[in-house]
Engineer: 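Supplied in structure tokens, the structure appears directly below.
In what follows, every chain begins at residue 1, and chains take the letters A, B, ... in the order their sequences are listed. This structure is a prediction, so every number in the text was calculated from the model and none was measured.
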Amino acid sequence: MQVLPKGVRHIPGFLDRTRQEQLVEAIRLVVAEAPLFVPEMPKTGKPMSVRMTNCGSLGWVTDRDRGYRYQAQHPVTGHPWPAMPDVLLEIWNAVSASNKTPEACLVNFYSEEARMGLHQDRDERDLETAVVSISLGDSCLFRVGGNTRGGQTMSFRLESGDVVVLGGEGRLAFHGVDRIYPNTSTLLKHGGRVNLTLRRVNP
DNA sequence: AAGTTTCC
DNA sequence: TCTC
């Protein structure tokens, strides 16, 4: 019997099709203003397989020279990130159990081949407020474990419209994306998966 | 180290 | 707090 780690909440089908389409349109506008870029691993400069952008007052970025960080400007255009769409704030308010507002929405685009290795979200100064993750487009195999790298993990499928909340004991759970299942959704005309991660950065 | 790997 |  598969049991999610404590503090990890999977809400299948939280967003209906209309809501998902509303989100896609909002993200389309974000990407038009803040183009997707290829993040680099610290030190090595090795490109990650996802492409990303952000909206909100802060965005998560990484490059060879400066590593993982939050900053207020797009690393390529130098412009401020687009505002957080209201639809994202509504979802945050519904599931985060926080009175604080999210400062960052990281937008990760996964092509068929993209993966995300197991990691913790710990670049935020606020490690108490939950992290909220929204899946759109193609399904993926999501892996989640405990708060140490070597521990037990489990995996399950995430589908378009699902929401995952990492809160409480689950806030620092290791998690990643093992694979994308191509052509499993009609939401995105050109396929692929979009993950939206809402985070509070400052306490 | 959001790196290797767990997928199939 | 800054950096990876």
Engineer: Could you state the CZ-C1' distance from Arg64(A) to dA2(B), rounded to the nearest angstrom?
Structural biologist: 18 Å
Engineer: Expressed as a whole number of angstroms, how long is the span from Phe174(A):CZ to dT5(B):C1'?
Structural biologist: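 Distance check: Phe174(A) CZ to dT5(B) C1' gives 14 Å.
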Engineer: Using a cut-off of strictly less than 4.0 Å, decide whether Tyr68(A) has a side-chain nitrogen or oxygen near OP1 or OP2 of dC4(C).
Structural biologist: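 It does not, given that no N or O in the side chain of Tyr68(A) lies less than 4.0 Å from OP1 or OP2 of dC4(C).
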Engineer: Counting only side-chain N and O atoms of Lys46(A), is one of them less than 4.0 Å from OP1 or OP2 of dA2(B)?
Structural biologist: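 Checking Lys46(A) against dA2(B): no side-chain N or O falls below 4.0 Å of OP1 or OP2.
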Engineer: Let me know the distance between CD of Glu124(A) and P of dT1(C), rounded to the nearest Å.
Structural biologist: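 Glu124(A) atom CD is separated from dT1(C) atom P by 16 Å.
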Engineer: Are Val164(A) and Ile134(A) side-chain neighbours, meaning at least one heavy-atom pair lies under 4.5 Å?
Structural biologist: no
Engineer: Below 4.0 angstrom from OP1 or OP2 of dA2(B), is there any side-chain N or O of Arg199(A)?
Structural biologist: no
Engineer: Write down the distance between CG (Asp178(A)) and P (dT6(B)), rounded to a whole number of angstrom.
Structural biologist: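 Rounding to the nearest Å, CG of Asp178(A) and P of dT6(B) are 8 Å apart.
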Engineer: Quantified in whole Å, what is the P atom distance between nucleotide dA1(B) and nucleotide dT3(C)?
Structural biologist: 15 Å
Engineer: Give Arg125(A) one of three labels, base, sugar-phosphate or nothing, depending on what nucleic acid heavy atoms sit under 4.0 Å from its own.
Structural biologist: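 Counting heavy atoms under 4.0 Å across all strands, the contact made by Arg125(A) is with sugar-phosphate only.
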Engineer: Does NZ or CZ of Arg157(A) lie under 6.0 Å from the centre of the six-membered ring of Tyr181(A), at an angle within 45° of the ring axis?
Structural biologist: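 Pair Arg157(A)/Tyr181(A) counts as cation-pi.
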Engineer: Nearest whole Å is fine: how far is dC4(C) P from Trp60(A) CH2?
Structural biologist: 14 Å
Engineer: Any link between Ile11(A) and Leu89(A) through a network of hydrophobic side chains (Ile, Leu, Val, Met, Phe, Trp, Tyr) touching at under 4.5 Å?
Structural biologist: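 Yes, it is one cluster - the side chains of Ile11(A) and Leu89(A) are joined through contacts under 4.5 Å.
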Engineer: Could you state the CG-C1' distance from Leu118(A) to dC7(B), rounded to the nearest angstrom?
Structural biologist: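 Spelled out: CG on Leu118(A) to C1' on dC7(B) is 12 Å.
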Engineer: Fit a plane to each ring of His74(A) and Phe37(A), take the angle between them on a 0 to 90° scale, and name the class: parallel (under 30°), tilted (30 to 60°) or perpendicular (over 60°).
Structural biologist: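 Ring orientation of His74(A) relative to Phe37(A): perpendicular.
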Engineer: Could you check whether Arg149(A) gets within reach of a base, just the sugar-phosphate, or nothing at all, counting any heavy atom under 4.0 Å?
Structural biologist: base
Engineer: Rounded to whole Å, please give me the gap between NZ in Lys43(A) and P in dA2(B).
Structural biologist: 14 Å
Engineer: Distance check needed: dT3(C) P versus Met41(A) CE, whole Å only.
Structural biologist: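 My rounded result for the distance is 18 Å.
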Engineer: Between Ser133(A) and Thr197(A) (side chain of the first, backbone of the second, donor and acceptor by atom type, cut-off under 3.5 Å), is there such a pair?
Structural biologist: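 Looks like no, no N/O pair under 3.5 Å.
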Engineer: With a non-hydrogen cut-off below 4.0 angstrom, is Asp123(A) in contact with a base, only sugar-phosphate, or nothing?
Structural biologist: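 If one applies the 4.0 Å heavy-atom cut-off, Asp123(A) turns out to touch a base.
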